[in-house]
Amino acid sequence: MKIYNTLTKKKEEFVPIEPGKVRMYVCGPTVYNYIHIGNARPMIVFDTVRRYMEHKGYEVNYVSNFTDVDDKIIKKSVEEGVDASVISERYIAECKKDMEGLNVRPATTHPKATEEIGGMLDMIKTLIEKEHAYTGADGTVYFRTRSFKDYGKLSHKNIDDLRGGNRSLLVSGEDQKEDPLDFVLWKPKKEGEPYWESPWCNGRPGWHIECSVMSKKYLGDEIDIHAGGEDLIFPHHENEIAQSEAANDKVFARYWMHNAFLNIDNKKMSKSAGNFFTVREISEKYDLQVVRFFMLSAHYRSPLNFSAELMAAAKNGYDRIVTSVSNLKYLMDNAASSPRSEEEEALLKEAEKLAVKFDDAMEDDFNTADAISVIFELVKFANQNAVEGKSKSFLQALRDKIIMLSDICGLIVEKKEELLDTEIEQLIEERQAARKNKDFGRADEIRDELFEKGILLEDTREGVKWKRA
Ligand code: AMP
Ligand code: ZN
């Protein structure tokens, strides 16, 4: 399995620290609003990386944080006159709903910055003891960037260039700093802001320290993969490396993966230009499975443009897979349960070759664009070879293969079996009859069966009402 490593600018063979296990950290969103469609890209991409690794038999410990203390969260809490935690908890819950819609699996752990302050204080203390950090007059703690000799190794920036010219590359220019390159680890509270006590001042952490601390706590000092959008390479990930390696004296992460940006109609997403969409808004227009398909139709390191035309093409592509899977189901239900013929066995060997081709694409730095093309080849193969007269077992094997490869991409292509209104009403009548006969076991069974098919029952005075979930 080859991964493009931002650190070395090369595709490298993936070798985990511990055989069979992957320790992976993905920087998560700051929760002050619904997540936008750009935020969805790293979620989908790295969820797919995780799924593929699990398919290959790795046990993946996947950690992704929620940044729940930040200027934007505080601003919104002041506007609404509520506690900052009300804002962050609200948008964490909403983010989880969007993730579910996009079929992004919950991380093994989703730590929150506000619950990890103790670990941050410990790491800052260590950095001060080791003289990698110092305190300014007002109690702000800064990282002494020049004390970390490898600074710039991820973003391939020369520390002297940073100092010499481009001030926009600097983190900020507070005058208490020994050096403009130094960045904040801990800062004093402002009036009305949430704060924590510390040996330096009552205040709150800088942004970068949380990821170093959470990664250490949940994955250990050394991890396999650290990931996020490419805007995080500098300064966020560069600063994470400096903090973690200076504190732990270990190589922080072996592979650094970064997704390219998602643009809208070839323009950078921006609220003021009006080309800004949340996942929630998009979900009113498109099935989120189509959004996931769209995101994976490009390689994660290529910029991706979101437009109505490309979404229409994605819908076509996704529907093609869903239709094939559903046709196979229809054929299967009407096929004979005879053993597979020799011809069928030979055809399945052909299909197996396509599954290998799918893996080859994914092994090449998770080339989901090529992997999806292979799913299309398999769909075409199935459409050509799944005809009447074929055995149930053959049809099922083909169908399972398409579903399995789609599932590695996190694409749900198996339509929920939909019940007709008349079928639902029949079952409800049967349930009523069962209840009358005090056969409550059967009555519950019917309720559960309907529930599984997305039908909710409500017993009212006027009788049983039902609705689709
Ligand atoms: P943020 O909440 O801004 O820290 O972003 C959360 C994650 O989304 C980070 O990994 C960002 O790099 C990523 N991200 C933000 N905007 C975009 C975009 N337009 N395209 C792709 N990734 C993005
Ligand atoms: Zn981070």
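Heavy atoms only: backbone and side chains are in, while hydrogens, waters and symmetry mates are out.
- Ring geometry, W256 versus H258: the interplanar angle falls under 30°, so the pair is classed parallel (tilted spans 30 to 60°).
- Applying the 6.0 Å contact sphere to CD of E452 captures no more than 12 heavy atoms from other residues, nucleotides or ligands.
- The line from NZ of K465 to CG of D459 is 11.5 Å long, rounded to the nearest 0.5 Å.
- A salt bridge is absent between E458 and K467: the closest approach of a Lys/Arg side-chain nitrogen to an acidic carboxylate oxygen does not fall below 4.0 angstrom.
- To the nearest 0.5 Å, the span separating CG on L102 from CG on L288 amounts to 5.0 Å.
- N39 contributes a side-chain N or O that, together with a main-chain N or O of H36, makes up a donor-acceptor pair within less than 3.5 Å.
- Proximity of a side-chain donor or acceptor of N5 to a complementary backbone N or O of R254 within less than 3.5 Å is detected.
- By the 6.0 Å and 45° rule, R280 does not stack over the aromatic ring of Y34.
- A centroid separation of less than 6.0 Å is found between the aromatic rings of F294 and F306.
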Apply side-chain contact (heavy atoms from CB on, under 4.5 Å) to residues E222 and E18 and explain how you reach the verdict.
CA-CA 10 Å; E222 295 177 279; E18 210 178 319; over 6 Å; no
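- The two residues V213 and G119 have their closest heavy-atom pair at CG1-C, 3.5 Å.
- When each of N65, I225, D224 is tested with Y25 by the rule side chain to side chain contact (heavy atoms under 4.5 Å, CB included), just one qualifies, namely N65.
- Taking a cutoff of 4.0 Å between a charged side-chain nitrogen and a carboxylate oxygen, K315 and D319 qualify as a salt bridge.
- Counting heavy atoms from C-beta outward, E12 and Y4 have side chains that stay 4.5 Å or more apart.
- With values rounded to the nearest 0.5 angstrom, K76 atom NZ is found 12.0 Å from S88 atom OG.
- Considering only heavy atoms from C-beta on, V26 stays 4.5 Å or farther from R50 through its side chain.
- Considering CZ of F358 and CE of M362, their distance stands at 5.0 Å, rounded to 0.5 Å.
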How far apart are the C-alpha atoms of S85 and T114, what are their side-chain angles, what is the distance that settles it, and do they pass the side-chain contact (heavy atoms from CB on, under 4.5 Å) test?
CA-CA 9 Å; S85 65; T114 55; over 6 Å; no
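- Shown here for I241 and F252, the closest heavy-atom pair between the two residues is CA-CD2, 4.0 Å.
- Contact record, L7 with A253: CD2-O, 4.4 Å, taken as the closest heavy-atom pair.
- By the neighbour-count criterion of 12 heavy atoms within 6.0 Å, atom CZ of F376 is densely surrounded, having more than that number from other residues, nucleotides or ligands.
- Within the 3.5 Å criterion, the main-chain N or O of K21 finds no donor-acceptor partner in the side chain of E59.
- When all heavy atoms of L378 and A351 are compared, the pair lying nearest together is CD1-CB, 3.9 Å.
- E54 and Y62 share no donor-acceptor pair across their side chains, judged by distance under 3.5 Å alone.
- Between Y318 and the options I372, D287, V291, a side chain to side chain contact (heavy atoms under 4.5 Å, CB included) holds for only D287.
- Other residues, nucleotides and ligands contribute more than 12 heavy atoms inside 6.0 Å of the CD atom of E281.
- Looking at V251 and E245, their side chains come closer than 4.5 Å, going by heavy atoms from C-beta outward.
- Looking at D68 and Y91, their side chains never bring a donor and an acceptor atom within 3.5 Å of each other.
- You'll find the side chain of F183 reaches within 4.5 Å of the side chain of L185, heavy atoms only.
- The pair R292-D47 meets the salt-bridge criterion, since a charged nitrogen lies less than 4.0 angstrom from a carboxylate oxygen.
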Between K329 and E414, does a salt bridge (Lys or Arg N to Asp or Glu O under 4.0 Å) hold up when you go through it step by step?
CA-CA 9 Å; K329 172 87 173 106; E414 205 177 359; over 6 Å; no
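- Using a 4.0 Å cut-off between a side-chain N of Lys or Arg and a carboxylate O of Asp or Glu, E100 and K96 do not qualify as a salt bridge.
- Counted within 6.0 Å of CD on E425, heavy atoms from surrounding residues, nucleotides or ligands total more than 12; the atom is thus considered enclosed.
- Aromatic ring centres of F14 and Y58 lie closer together than 6.0 Å.
- Contact detail for M332 and Q396: the closest heavy-atom pair is SD-CA, 3.7 Å.
- Contact annotation: the side chain of F381 never approaches that of I402 to less than 4.5 Å [non-hydrogen atoms, C-beta and beyond].
- Not a single donor-acceptor pair under 3.5 Å links the side chain of D150 to the backbone N or O of K153.
- Looking only at distances, no side-chain donor or acceptor of H299 sits under 3.5 Å from a matching main-chain atom of D370.
- Heavy-atom minimum distance, A386 versus L331: O-CD1, 3.3 Å.
- Here E352 pairs with K401 in a salt bridge; the nearest charged N to carboxylate O distance falls below 4.0 Å.
- In this structure, K217 does not pair ionically with E115, as no charged nitrogen and carboxylate oxygen lie closer than 4.0 Å.
- Taking a cutoff of 4.0 Å between a charged side-chain nitrogen and a carboxylate oxygen, E377 and K380 do not qualify as a salt bridge.
- Side-chain atoms of E210 do not come within 3.5 Å of backbone N or O of A113 as any donor-acceptor pair.
- A donor-acceptor contact shorter than 3.5 Å links the side chain of N334 to the backbone of Y330.
- At a threshold of 4.0 Å, the pair E89-K112 counts as salt-bridged, since one of the basic side-chain nitrogens sits closer than that to a carboxylate oxygen.
- A salt bridge links E430 with R442: the distance from a Lys NZ or Arg NE/NH1/NH2 to an Asp or Glu carboxylate oxygen falls below 4.0 Å.
- Enclosure of atom NZ in K2 is not indicated, since only 12 or fewer non-hydrogen atoms of other residues, nucleotides or ligands lie within 6.0 angstrom.
- For E116 (side chain) and P111 (main-chain N/O), no donor-acceptor pair under 3.5 Å exists by modelled atom type.
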Set out, in order, the CA-CA distance, both residues' side-chain angles and the distance that settles side-chain contact (heavy atoms from CB on, under 4.5 Å) for S307 and E309, then state yes or no.
CA-CA 5 Å; S307 70; E309 294 85 64; 3.9 Å; yes
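- Rounded to the nearest 0.5 Å, atoms CG (L427) and CD (E445) are 11.0 Å apart.
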Does the pair F451 and L457 meet the rule for a side-chain contact (heavy atoms from CB on, under 4.5 Å), with working shown?
CA-CA 8 Å; F451 181 76; L457 299 188; over 6 Å; no
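- Side chains of D359 and K56 form a contact here, defined as non-hydrogen atoms less than 4.5 Å apart.
- Side-chain atoms of R41 come within 3.5 Å of backbone N or O of A260 as a donor-acceptor pair.
- In this pair, F143 and F148 present their aromatic rings perpendicular. The plane angle is above 60°, beyond the 30 to 60° band.
- We find that R340 and E345 are joined by a salt bridge, their nearest charged nitrogen and carboxylate oxygen being less than 4.0 Å apart.
- Between K453 and E423 no salt bridge is recorded (no basic side-chain N to carboxylate O distance below 4.0 Å).
- Between F234 and L162 the shortest side-chain heavy-atom distance falls below 4.5 Å.
- With values rounded to the nearest 0.5 angstrom, R435 atom CZ is found 7.0 Å from R447 atom CZ.
- Using a 4.5 Å heavy-atom threshold, the side chains of R51 and D407 count as touching.
- Residues E240 and H226 bring a donor and an acceptor atom of their side chains to less than 3.5 Å of each other.
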